[in-house]
Engineer: 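One structure, pasted below without further comment.
Atoms within a ligand are numbered from 1 in the order they appear, just like the ligands themselves. Given the structure is predicted, the values throughout are model-derived calculations rather than measurements.
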Amino acid sequence: MNILEVNDLSKVFNLHILNNKKIEALTDINFTMQEGEIIGLTGKSGSGKSSLMKCIYRTYLASTGQIIYTSKDGQLDLVKADDHRVIELRKTEINYCSQFLSVIPRVTAVDVVCENLFRIEKDKQVARDKAKQMLEELALPGELFDAFPVTFSGGEQQRINVARAIIASPRFLLIDEPTASLDARTKDVVIDMILGLKQNGTSVLCISHDEYTLERLCDRRIDLQFGRINEVEVVE
Ligand SMILES: Nc1ncnc2c1ncn2[C@@H]1O[C@H](COP(=O)(O)OP(=O)(O)OP(=O)(O)O)[C@@H](O)[C@H]1O
């Protein structure tokens, strides 16, 4: 079953401060995604990867086209869906993990990770134990669990960010560069965690420039060039 069907999608940015200069970030984007599939989104810097992800998450409103998402309650077009429905889906099914952690002041690392889990696990202690176990697997030093991530290193923040994105097993995960600043061992742990989600049915769209990550993770790759799909490659 398709979880996602993107039809004739385009995104044009109008830069009002530059005499309405138009930037065609995405043009004629068409692809489908199966439930439980992991698609790697590749392409040079500026090719439109983040814009595509943000259109799907509805941070950006697509200029034309459809993004048909099959939710647990049926199909809807994420381009046209009303804001309340989109917010509801973000709480229950669709998670977006950007490349960098947006740090929440004075919330501990464990509680940042638990943010999505608290919605479904009402016993806070159970949720925190699960978060600690995950952070241990990701080799975050124990003394940082109750510290505030604002002062953490790039790699430490990234582990918090990834753990927060996957701990509640979203149905559809959009994830941007999940392994970019990680050492080889932690990279493997993150890849194994994402593959674990896939085994439970999660569909994953993953932006990555890292060949090792793409090779281990992806069923298919979609390569963007100047905002258009250049190539769709099925990984054997
Ligand atoms: N909010 C915005 N306003 C105006 N232009 C934008 C905006 N977001 C993206 N763009 C433009 O759209 C094009 C695609 O950018 P995008 O960030 O999607 O590329 P990318 O492939 O994700 O790049 P990178 O790998 O560097 O993150 C670029 O020309 C960029 O300048």
Side-chain angles (χ1 to χ4, degrees), residues 4-33 37-67 69 77-81 83 86-87 90 94-103 154-155 157-162 164-166 170 172-182 187 190-191 194 203-233 235:
L4 198 76
E5 189 181 321
V6 176
N7 298 320
D8 299 328
L9 188 81
S10 73
K11 176 65 188 169
V12 180
F13 293 102
N14 285 309
L15 302 185
H16 301 296
I17 48 163
L18 289 176
N19 284 333
N20 282 330
K21 181 177 176 347
K22 290 190 191 319
I23 294 183
E24 294 184 13
L26 297 168
T27 310
D28 272 342
I29 301 292
N30 290 281
F31 70 96
T32 58
M33 190 169 177
E37 190 176 26
I38 301 185
I39 294 184
L41 202 50
T42 62
K44 285 188 185 143
S45 182
S47 59
K49 304 177 297 298
S50 305
S51 298
L52 177 55
M53 233 180 218
K54 287 176 183 172
C55 284
I56 294 170
Y57 194 60
R58 256 282 286 275
T59 315
Y60 292 162
L61 196 58
S63 305
T64 62
Q66 291 180 315
I67 301 172
Y69 173 70
D77 182 354
L78 289 171
V79 178
K80 295 208 176 99
D83 291 350
V86 171
I87 289 166
R90 289 178 179 183
I94 306 177
N95 206 327
Y96 170 63
C97 180
S98 72
Q99 198 176 347
F100 303 106
L101 180 70
S102 49
V103 183
Q157 288 193 358
Q158 186 165 25
R159 281 175 273 173
I160 305 291
N161 207 21
V162 170
R164 174 173 64 171
I166 67 183
F172 183 31
L173 176 64
L174 302 157
I175 192 161
D176 194 349
E177 294 284 7
T179 58
S181 34
L182 301 179
K187 197 182 270 191
V190 166
I191 292 168
I194 297 174
S203 314
V204 184
L205 188 60
C206 172
I207 295 176
S208 182
H209 288 104
D210 182 60
E211 190 54 37
Y212 176 78
T213 301
L214 290 163
E215 241 170 57
R216 279 210 56 207
L217 266 186
C218 301
D219 301 307
R220 255 190 318 155
R221 294 185 195 192
I222 294 180
D223 186 59
L224 293 180
Q225 208 174 45
F226 304 115
R228 293 176 183 268
I229 292 183
N230 174 44
E231 194 182 5
V232 178
E233 184 195 336
V235 181

Engineer: Would you kindly say whether Asp176 and Ser98 are connected by a side-chain donor-acceptor distance under 3.5 Å?
Structural biologist: no

Engineer: Under the side chain to side chain contact (heavy atoms under 4.5 Å, CB included) test, which residues partner Thr32, sequence neighbours left out?
Structural biologist: Asn2, Glu5

Engineer: Side chains of Thr213 and Ser208: is there a donor and an acceptor less than 3.5 Å apart?
Structural biologist: no

Engineer: Tell me which residues fall inside the under-4.0 Å heavy-atom shell around ligand 1.
Structural biologist: Phe13, Leu15, Ile23, Ala25, Lys44, Ser45, Gly46, Ser47, Gly48, Lys49, Ser50, Ser51, Tyr60, His209

Engineer: Who are the side chain to side chain contact (heavy atoms under 4.5 Å, CB included) partners of Ile87, not counting sequence neighbours?
Structural biologist: Lys91

Engineer: Got a sec, which pairs hit side chain to side chain donor-acceptor pair (under 3.5 Å) with one end in residues 52-64, sequence neighbours left out?
Structural biologist: Ser10-Thr64, Arg58-Asp83

Engineer: Taking Asn95 for its side chain and Leu173 for its backbone only, find out whether a donor-acceptor pair lies under 3.5 Å.
Structural biologist: no

